Amino acid sequence: MIIVSDKTEQLTPNIYLAMHGCYGFCWLLKYVYFPDWGFELELHPVLYVLCFGSAAAHWITSWLVVNASGDAPAYLVCLAMMLFIMGMFFMYVADAQKFVFLKYNKGRLIRE
């Protein structure tokens, strides 16, 4: 989308791409090292279409970022990166804790 829109030299779309690319790569690593077996369920085709449709809605945000005129202010880029890093940290730490707890406490609920 960045190449098609000829925004390869614009900072904001490239930061957005780097953050989402990093998120996707980390998600793949998480799946390898501490997977969530809840994602291994077979979906009914209608549910699959609904899940895909809701995930595809994220392309709207990408389109808005790429097609905006000019770059975001520096404070906004810093805030976005800070929130992104903190969100990644807490999400993956929580997923790792859940994985380890369930691995060593089979049949017990997480109460903490």
Side-chain angles (χ1 to χ4, degrees):
M1 187 181 301
I2 293 173
I3 293 171
V4 171
S5 298
D6 195 29
K7 302 283 181 142
T8 55
E9 298 299 319
Q10 195 170 349
L11 184 62
T12 303
N14 284 292
I15 288 173
Y16 188 84
L17 173 65
M19 288 176 16
H20 281 75
C22 176
Y23 175 82
F25 182 70
C26 288
W27 198 91
L28 290 173
L29 288 174
K30 181 191 88 65
Y31 185 77
V32 168
Y33 292 107
F34 45 96
D36 186 346
W37 301 115
F39 285 106
E40 297 297 322
L41 301 172
E42 290 288 327
L43 290 180
H44 187 276
V46 172
L47 257 170
Y48 178 79
V49 169
L50 289 173
C51 288
F52 180 80
S54 65
H58 287 89
W59 283 92
I60 296 169
T61 309
S62 301
W63 186 86
L64 290 171
V65 168
V66 169
N67 289 298
S69 59
D71 281 321
Y75 76 89
L76 191 58
V77 171
C78 289
L79 179 64
M81 291 174 70
M82 183 184 73
L83 291 173
F84 173 77
I85 292 167
M86 289 176 61
M88 290 268 292
F89 171 78
F90 285 115
M91 182 177 65
Y92 289 116
V93 166
D95 285 350
Q97 180 185 12
K98 180 178 85 169
F99 175 80
V100 170
F101 181 89
L102 293 174
K103 181 178 179 178
Y104 294 107
N105 298 284
K106 293 188 187 303
R108 290 182 50 201
L109 292 177
I110 301 173
R111 296 183 183 159
E112 301 159 4

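Side chains included, hydrogens not; waters and symmetry mates left out as well; all remaining heavy atoms used. Everything numeric in this text was worked out from a predicted model, so none of it was measured. One is the number of the first residue; the rest follow in order along the sequence.
Here the CZ-CZ distance, from Arg108 to Phe101, works out to 4.5 Å after rounding to the nearest 0.5 Å. With rounding to the nearest 0.5 angstrom, the NZ atom of Lys30 is 11.0 Å from the CE atom of Met88. A distance of 15.0 Å separates OH of Tyr16 from CG of Leu11, quoted to the nearest 0.5 Å.
Residue-environment remark: CD1 (Ile3) stays at or below the threshold of 12 foreign heavy atoms within 6.0 Å. Surrounding CE of Met91 are more than 12 heavy atoms belonging to other residues, nucleotides or ligands, all under 6.0 Å away.
The shortest distance between side-chain heavy atoms of Asp95 and Asp36 does not fall below 4.5 Å.
Relative ring orientation between Tyr23 and Tyr92 is described as tilted, the plane-to-plane angle lying within the 30° to 60° band.
With hydrophobic clusters built from ILVMFWY side chains whose heavy atoms lie under 4.5 angstrom apart, Tyr33 shares a cluster with Val100. Both Met86 and Leu79 belong to a common hydrophobic cluster when Ile, Leu, Val, Met, Phe, Trp and Tyr are linked at side-chain heavy-atom distances under 4.5 angstrom. Both Trp59 and Leu17 sit in one connected hydrophobic cluster of ILVMFWY residues. Membership requires side-chain heavy atoms under 4.5 Å apart, directly or through other members. Side-chain heavy atoms closer than 4.5 Å link hydrophobic residues (I, L, V, M, F, W, Y) into clusters, and following such links, even through other members, never connects Phe84 to Met82. Grouping the Ile, Leu, Val, Met, Phe, Trp and Tyr side chains by contacts below 4.5 angstrom, directly or via other members, places Trp63 with Ile60.
Here the shortest heavy-atom pairing between Ile2 and Val66 reads CG1-CG2, 3.9 Å. Here the closest heavy-atom approach between residue Asn14 and residue Gln10 is recorded as ND2-O, 2.6 Å.
Asp71 is linked by a salt bridge (charged side-chain N to carboxylate O under 4.0 Å, His left out) to nothing, counting only residues two or more places apart in sequence or in another chain. Evaluation of the ring-ring contact (aromatic ring centres under 6.0 Å, His included) rule for Trp27 yields Tyr31, Phe39 as partners, not counting sequence neighbours.
Listed for the Ser5 side chain is no donor-acceptor partner under 3.5 Å among the backbone atoms of Asn67.
For residues 1-17, no pair satisfies salt bridge (charged side-chain N to carboxylate O under 4.0 Å, His left out), with sequence neighbours left out.
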